[in-house]
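Here is the structure we will look at, set down as structure tokens.
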Amino acid sequence: AGLGLALKILRSWCSSHPKAFPPTVLHVTDGHPTDGDPEPIANKIKSLRTKDGACMLFNLHVDRGQGEPLLFPNDEGRLGDSFSKMLFRMSSTLPPHAVGAARRKGYEVEPEARGFVFNAGIEAIADFFEIGTRPSEVTHQ
């Protein structure tokens, strides 16, 4: 339901701000949906655009189970369960400015890395929010 509300808000915002940098949604979840399949809604969010690009969806998965932290993976095969894999697929590929920000923070970011973090500690969670909200350094004329 939360992503559905975000979709509604983003549609209106993108329509009202067609030349702006596209919004980024930072979705924090335990990864166990209780109100339906969020993947189609996530795909609709990622399909919204401004002239500057597509909206981005980043997922922070704080799992009830156990598992080693994984930050900005590029392959869902590294994830252990179907919930994590779904959130990985729902996550946008990191744009170049976010890749640069993540690398400056010391993260190894491979090609096609996603805005997805699994079971991160407090410092990595803070980094996730900073990297996810860092604007592009491109200026518009």
Side-chain angles (χ1 to χ4, degrees), residues 1-140:
L3 287 176
L5 178 58
L7 176 62
K8 182 179 177 181
I9 292 167
L10 292 168
R11 278 185 177 141
S12 175
W13 192 93
C14 288
S15 177
S16 298
H17 302 86
K19 294 181 181 179
F21 186 78
T24 300
V25 175
L26 301 177
H27 180 227
V28 180
T29 179
D30 68 358
H32 300 267
T34 57
D35 57 357
D37 181 2
E39 205 163 356
I41 297 169
N43 290 334
K44 289 177 183 176
I45 288 171
K46 294 185 299 183
S47 73
L48 294 174
R49 304 185 63 81
T50 66
K51 289 187 179 198
D52 200 28
C55 290
M56 293 174 284
L57 175 60
F58 290 2
N59 287 287
L60 172 60
H61 184 189
V62 182
D63 192 27
R64 296 185 278 208
Q66 297 183 9
E68 292 297 316
L70 183 60
L71 292 90
F72 310 117
N74 68 342
D75 178 9
E76 75 176 73
R78 298 173 61 192
L79 298 161
D81 63 52
S82 62
F83 297 116
S84 297
K85 290 177 181 184
M86 175 186 63
L87 287 168
F88 171 86
R89 288 189 307 272
M90 287 170 49
S91 301
S92 298
T93 302
L94 288 176
H97 72 275
V99 169
R103 286 182 176 156
R104 285 189 294 279
K105 291 226 166 249
Y107 295 104
E108 292 182 30
V109 181
E110 298 177 12
E112 300 301 311
R114 303 282 179 104
F116 176 76
V117 172
F118 175 77
N119 272 359
I122 192 69
E123 288 183 21
I125 290 172
D127 290 345
F128 169 81
F129 281 100
E130 183 180 338
I131 291 165
T133 59
R134 181 174 298 275
S136 173
E137 294 176 9
V138 175
T139 57
H140 298 280

**Prompt:** Which value, rounded to the nearest 0.5 Å, describes the distance between Met86 atom CE and His32 atom NE2?
**Reply:** 9.0 Å
**Request:** Please check if the side chain of Ser91 supplies one atom and the backbone of Leu87 the other of a donor-acceptor pair under 3.5 Å.
**Result:** yes
**Prompt:** Is the backbone N or O of Leu57 less than 3.5 Å from a side-chain atom of Ser92, with the two atoms forming a donor-acceptor pair by type?
**Reply:** yes
**Message:** One pair to check against side-chain contact (heavy atoms from CB on, under 4.5 Å): Ile45 and Met56. What are the steps and the verdict?
**Reply:** CA-CA 8 Å; Ile45 288 171; Met56 293 174 284; over 6 Å; no
**Asked** For the side chain of Asp75 and the backbone of Arg78, is there at least one donor-acceptor N/O pair under 3.5 Å apart?
**Response** no
**Item:** Intermediate values then yes/no, side-chain contact (heavy atoms from CB on, under 4.5 Å), Val25 and Leu10
**Value:** CA-CA 9 Å; Val25 175; Leu10 292 168; 3.5 Å; yes
**Proximity of Phe21 and His97 rings by center, below 6.0 Å** = yes
**Asked** Going through the checks in order, is the side-chain contact (heavy atoms from CB on, under 4.5 Å) test met by Leu48 and Trp13?
**Response** CA-CA 10 Å; Leu48 294 174; Trp13 192 93; over 6 Å; no
**Asked** How close do Tyr107 and Ala124 get, heavy atom to heavy atom, and via which atoms?
**Response** OH-CA, 3.5 Å
**Asked** Does some side-chain heavy atom of Arg11 sit less than 4.5 Å from a side-chain heavy atom of Leu7?
**Response** yes
**Prompt:** With no hydrogens and no angle check, is any side-chain donor or acceptor of Asn74 less than 3.5 Å from a backbone partner on Glu110?
**Reply:** no
**Request:** Show the numbers, then the answer: is there a salt bridge (charged side-chain N to carboxylate O under 4.0 Å, His left out) between Glu76 and Arg114?
**Result:** CA-CA 10 Å; Glu76 75 176 73; Arg114 303 282 179 104; over 6 Å; no
**Message:** Using side-chain heavy atoms (C-beta onward) and a distance below 4.5 Å, is Leu3 in contact with His27?
**Reply:** yes
**Item:** Ring geometry between His61 and Phe118 (parallel below 30°, tilted from 30 to 60°, perpendicular above 60°)
**Value:** perpendicular
**Request:** Answer yes or no: is there a donor N or O on one side and an acceptor on the other, between the side chain of Thr133 and the main chain of Phe129, under 3.5 Å?
**Result:** yes
**Minimum side-chain heavy-atom gap Asn59-Phe88 below 4.5 Å** = no
**Asked** Within a strict 4.5 Å, meaning less than it, do heavy atoms of the Arg49 and Pro18 side chains meet?
**Response** no
**Request:** Can you see which heavy atom on Ala20 is nearest to which on Thr50, and at what distance?
**Result:** O-OG1, 2.6 Å
**Request:** Go through the steps to decide whether Lys46 and Asn43 satisfy the test side-chain contact (heavy atoms from CB on, under 4.5 Å), and finish with yes or no.
**Result:** CA-CA 5 Å; Lys46 294 185 299 183; Asn43 290 334; 3.6 Å; yes
**Message:** Just verifying a value: how many Å separate Leu71 CG and Phe116 CZ, rounded to the nearest 0.5 Å?
**Reply:** 9.5 Å
**Message:** If I compare all heavy atoms of Leu60 with all of Ile125, which pair ends up nearest, and what's the gap?
**Reply:** CD2-CG2, 3.8 Å
**Nearest heavy atoms of Cys55 and Cys14, plus distance in Å** = SG-SG, 3.6 Å
**Heavy-atom pair with the smallest gap, counting every atom of Val109 and Ala102** = CG2-CB, 3.6 Å
**Request:** Check Gly115 against Phe72 and note the closest heavy-atom contact, atom names and distance.
**Result:** CA-CD2, 4.4 Å
**Request:** Compare all side-chain heavy atoms of Val117 with those of Phe58 and state whether any distance is below 4.5 angstrom.
**Result:** no
